[in-house]
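Structure first, then comments.
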Amino acid sequence: MRMRRILGLALAAATLAGVSAVGAVSAAGAASSPNISRDDCTAAGGQVVARPYAGYICTLPDGTTQAIT
């Protein structure tokens, strides 16, 4: 009985860790900003900002930034 309990706890911990890893990957994918064009940026009321050695970004009125394609 003790061995079954230990195996059950190990299986539950592994399942929880797997679900947590999948959730973290999903959250990271959702958190990353999609790319936007210069025209879409200005149409949305944003401002195109140049970053040295990093290209251009769009700064939107709500404070978020997106990479320019």
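Start at 1 with the first residue, then count along the sequence.
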Evaluate side-chain contact (heavy atoms from CB on, under 4.5 Å) for N35 paired with I68, printing each intermediate quantity in order. CA-CA 6 Å; N35 292 339; I68 299 287; over 6 Å; no
Q66 and I57: side-chain contact (heavy atoms from CB on, under 4.5 Å), yes or no, with the steps? CA-CA 6 Å; Q66 294 181 351; I57 60 169; over 6 Å; no
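Within the model, atoms SG of C41 and CD1 of I36 stand 5.5 Å from one another, a figure rounded to the nearest 0.5 Å.
Cation-pi geometry between R51 and Y56 is not met: the NZ or CZ atom fails to fall both under 6.0 Å from the ring centre and inside 45° of the normal.
In this model, no donor atom of one side chain and acceptor atom of the other lie less than 3.5 Å apart for S37 and D39.
Put simply, L60 and V49 are part of two different groups of oily side chains (I, L, V, M, F, W, Y) that touch within less than 4.5 Å, one to the next.
The heavy-atom pair separating G46 from C58 by the smallest distance is CA-SG, 4.3 Å.
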